[in-house]
Amino acid sequence: MPTPVSIVALSGSLRRGSLNTALLRAAAATAGNGVQIDVATPRGIPLYDGDLEASEGIPEAVSELKERIVAADGLMIATPEYNNSMPGVLKNAVDWLSRPPKDIPRVFRDRPVAVTGASPGGFGTTLAQSSWLPVLRGLRMRPWFGGRLMLSKAGDAFADDGTLTDEERRKQLAEFVAGFAAFIRAGKAG
Ligand code: FNR
């Protein structure tokens with residue numbers, strides 16, 4: 001039995017029909033071999049406002065997500081692409097998660113992270129995924145670059161039961177999750 005690995009999978013979309021959330025749900029459903037995936041979204045997280053933080057502290061939805069991340073071994077991000085970059089709701093969530101700064105080491109530092117994404121377009125969030133790199137670097141995370149998964153033409157990629165209809169894509173997703181889990185396990189062992 002391989003070492004158990006837990007991953008928080010954060011989707012960058014609030015949409016009920018989100019392709020990115022669907023991708024993470026498909027990942028969670030197919031994960032096996034000791035890998036557990038907990039899908040999260042930025043739902044309930046307000047816009048970052050320093051005055052709100054000063055008067056009311058960290059919002060409950062942020063604290064709750066923070067603790068889910070802290071309790072997990074790794075973070076998987078599925079980022080939509082908006083105007084060739086990351087979407088505001090997801091950046092806003094990460095900005096809140098980085099408050100107060102004294103929590104950054106506990107929440108982010110050296111935490112394994114993998115970025116993926118889904119888009120109805122032909123490039124599958126290539127630019128959005130790259131736009132996260134300076135953020136991950138600033139937070140001193142440990143990105144996994146061993147695999148890439150850009151789910152392009154994702155509009156009709158999922159069956160009604162949430163599975164990916166295309167066998168090749170199912171294989172790519174399984175390999176992505178397994179590769180990231182192996183990266184996490186190697187870090188735990190070392
Ligand atoms: C988009 N979309 C988009 N897609 C893409 O591949 N490149 C892009 O630059 C953009 N830009 C963009 C801007 C804005 C404001 C919106 C609302 C949308 C389309 C986007 O990929 C699509 O709406 C996805 O379905 C969003 O992800 P979820 O919500 O399905 O997870």
Side-chain angles (χ1 to χ4, degrees), residues 7-31 35-49 59 61-62 64-66 68-69 72 74-98 108 112-139 141 143-145 147-177 179-180:
I7 297 169
V8 166
L10 179 59
S11 166
S13 176
L14 296 169
R15 235 162 49 82
R16 268 192 302 278
S18 163
L19 300 169
N20 285 277
T21 309
L23 177 60
L24 294 180
R25 289 200 182 114
T30 55
V35 182
Q36 196 218 317
I37 297 182
D38 168 24
V39 178
T41 73
R43 182 158 299 285
I45 297 181
L47 280 179
Y48 179 76
D49 175 349
V62 175
E64 193 248 348
L65 181 54
K66 235 188 214 187
R68 279 164 80 180
I69 293 171
L75 177 66
M76 187 168 158
I77 294 173
T79 181
E81 180 167 299
Y82 284 1
N83 296 310
N84 293 350
S85 189
M86 62 182 69
V89 288
L90 185 52
K91 179 62 162 50
N92 179 67
V94 171
D95 291 341
W96 263 120
L97 290 166
S98 71
F108 293 108
V113 60
V115 181
T116 181
S119 149
F123 299 101
T125 70
T126 306
L127 292 166
Q129 291 189 35
S130 295
S131 74
W132 280 100
L133 297 178
V135 179
L136 307 182
R137 184 174 188 225
L139 295 169
M141 298 193 79
W144 175 60
F145 293 132
R148 291 192 89 183
L149 182 61
M150 288 155 296
L151 195 72
S152 59
K153 309 269 184 226
D156 54 5
F158 297 95
D160 288 345
D161 65 0
T163 53
L164 284 162
T165 52
D166 183 66
E167 191 180 337
E168 183 58 30
R169 290 177 147 195
R170 282 200 298 274
K171 190 165 154 255
Q172 283 172 2
L173 178 60
E175 281 174 3
F176 187 85
V177 171
F180 183 43

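Remember, it's 1-based here, ligands and their atoms both numbered in the order they're listed. Being a predicted model, the structure only gives us computed values, none of them experimental. If you read the sequence from its start, that first residue is 1, and numbering goes on from there.
- Side-chain N/O atoms of Asn20 and Ser18 include no donor and acceptor closer than 3.5 Å.
- For Phe123, the CZ atom is loosely surrounded, since the number of other residues' heavy atoms within 6.0 Å does not exceed 12.
- A distance-only check finds no donor-acceptor pair linking the side chain of Ser85 to the backbone of Ala128 [under 3.5 Å].
- Taking the charged nitrogens against the carboxylate oxygens, Lys171 and Glu167 have no contact shorter than 4.0 Å, which rules out a salt bridge.
- Pairing each heavy atom of Leu151 with each of Ala154, the nearest pair is O-CB, 3.6 Å.
- Residues forming a ring-ring contact (aromatic ring centres under 6.0 Å, His included) with Trp132 (at least two apart in sequence, or on another chain): none.
- For ligand 1, the 4.0 Å heavy-atom shell contains residues Ser13, Arg15, Ser18, Leu19, Asn20, Pro80, Glu81, Tyr82, Asn83, Asn84, Ser119, Pro120.
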